[in-house]
Amino acid sequence: MNRLLLAAYPAPHRARHGEELLGCLAEAYPGRSWPPPREVAALVGAGVQARARAVADDPARPWWLDGVQLAALVLAALALVPYLQDVWHWALRIDPGGHAIAFHFAGWYPWADGPTRTRLLPYGMLPLVCLVALVRGRAWIALPASAMMVHAGATYGSSTLFGDEGKAGLGYYGLGAPLTARDLVLSGTLCAACAVLAACRPGRLRRHAYGRLVPVALALFLAGQLHVTAISPAFQRGLFAVEVAGLLAAWVATAVTGDRRWLIPVAAFAVVRLQAIVLRPDGFMGSLPDLVVLLLLIAPLPALAVAAERRQRRMLLELP
């Protein structure tokens with residue numbers, strides 16, 4: 001089990017120090033397959049810092065381009081979250097019946113019998129395609145998918161390709177107000193980021209391994225098998241914890257490297273969240289106090305900026 005902790009470190013670090021680290025853990029905690037929680041947190045934190053330094057020291061691409069790609073990945077993941085169960089059931093041809101997300105009928109599959117109009121595709125396939133393409137650094141595939149998201153939201157009520165219920169259903173993202181496919185700020189910002197990435201040479205974009213998609217596959221499986229809906233209080237609080245962990249990781253990476261690339265995805269995340277709260281201030285569903293959510297959205301931006309400035313000033317002082 002100790003080898004799982006090595007996944008937090010970049011591949012070159014694992015190759016150089018992996019066996020040494022495993023030997024130290026085996027010597028410090030003999031007979032245990034997993035170190036104490038405090039040690040786990042320290043190792044994971046060190047792994048995040050090592051990955052951040054490796055990213056910041058990579059001269060293959062400018063920091064702002066990497067930041068835009070990270071922002072597009074974050075927004076695509078946010079757009080996919082409410083439709084995890086929907087995509088899983090559609091892909092495996094499962095009729096969830098009464099467990100469907102905000103649907104009052106079962107006729108929304110091309111192969112299901114029902115008196116209502118069926119959908120050719122679930123809306124959630126668009127952000128999924130966008131997310132997979134961005135992970136592989138193929139913005140030319142992500143751009144038309146994100147543009148179709150904008151079109152689907154702009155033509156709500158007149159297009160039947162994705163039906164009507166799939167786009168009208170609530171999509172609570174854990175930290176903020178409900179967002180649906182009709183909210184064009186999310187899809188529009190994602191499309192603009194994909195357009196910037198598509199305008200660059202493909203070789204300049206970061207290409208991640210397919211292993212980065214394992215959490216997405218697990219999320220689809222859990223949502224589909226456990227019938228976890230986006231409006232479930234447990235789902236909201238779980239996603240809230242994931243998002244706060246992501247903000248903390250961005251702060252750690254910025255504080256360690258002094259690099260500002262992580263400000264871009266955090267800023268995009270905050271803009272999408274804040275506009276939803278401004279438009280629907282009563283849409284929190286009572287999961288968290290409004291003031292807590294607003295502080296968690298606004299505070300990370302100046303915190304990251306200050307952390308980057310302090311680190312850069314310290315690096316200048318350390319120069320001979």
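Here the closest heavy-atom approach between residue Arg207 and residue Arg138 is recorded as NH2-NH2, 3.5 Å. Heavy atoms only, all atoms of each residue included: Gly137 and Gln69 are closest at CA-NE2, 4.1 Å. Of all heavy-atom pairs between Ala72 and Leu190, the closest is O-CD1, 3.4 Å. Residues Val68 and Ala193 approach most closely at CG1-O, 3.8 Å, considering heavy atoms. Taking all atoms of both residues into account, the shortest heavy-atom contact from Gly124 to Tyr83 is CA-CB, 3.7 Å. The minimum heavy-atom distance between Ile264 and Gly67, with the atom names listed, is CG2-O, 3.5 Å.
Using a 4.5 Å cut-off between side-chain heavy atoms of Ile, Leu, Val, Met, Phe, Trp and Tyr, with links allowed through other members, Val196 and Val150 fall into different hydrophobic clusters. Cluster annotation: Leu131 is connected to Tyr210 through the hydrophobic network of ILVMFWY side chains, with a link wherever side-chain heavy atoms come within less than 4.5 Å. By the rule that hydrophobic residues join a cluster once side-chain heavy atoms approach within less than 4.5 Å of another member, Leu222 and Val214 end up as members of separate clusters. One hydrophobic cluster, built from ILVMFWY side chains closer than 4.5 Å, holds both Val135 and Phe221. Cluster membership for Val87 and Leu213, using ILVMFWY side-chain heavy atoms within less than 4.5 angstrom, is shared.
At a threshold of 4.5 Å between non-hydrogen side-chain atoms, the residues Val216 and Leu80 count as touching. Residues Ser187 and His151 form no side-chain contact, since every pair of their non-hydrogen atoms from C-beta on lies 4.5 Å or further apart. Side-chain contact between Cys191 and Met149 is absent, with no heavy atoms from C-beta onward closer than 4.5 Å. Looking at heavy atoms from C-beta onward, Thr254 lies out of side-chain contact with Asp259 at the 4.5 angstrom threshold. In this structure the side chain of Arg260 never reaches within 4.5 angstrom of the side chain of Trp64, judged on heavy atoms.
For the pairing with Leu134, the side-chain contact (heavy atoms from CB on, under 4.5 Å) check across Leu205, Leu75, Leu197 returns one residue only, Leu197.
Residues passing the side chain to side chain donor-acceptor pair (under 3.5 Å) test with Arg51: none are found, sequence neighbours excluded.
With rounding to the nearest 0.5 Å, the separation of CG in Asp66 from CZ in Arg261 is 4.5 Å. Taken to the nearest 0.5 Å, the OG atom of Ser146 stands 12.0 Å off from the CD1 atom of Ile141. Taking CG from Leu65 and CG from Leu70, the interatomic distance works out to 10.0 Å, rounded to the nearest 0.5 Å. Note that CG of Leu128 is 9.0 Å distant from CG of Leu84, once rounded to the nearest 0.5 Å. The CZ atom of Phe269 lies 5.5 Å from the CG atom of Leu247; values are rounded to the nearest 0.5 Å.
Remark: the backbone N or O of Arg61 is not paired with any side-chain donor or acceptor of Arg204 at under 3.5 angstrom.
Atom CH2 of Trp251 has 12 or fewer heavy atoms from other residues, nucleotides or ligands within 6.0 Å.
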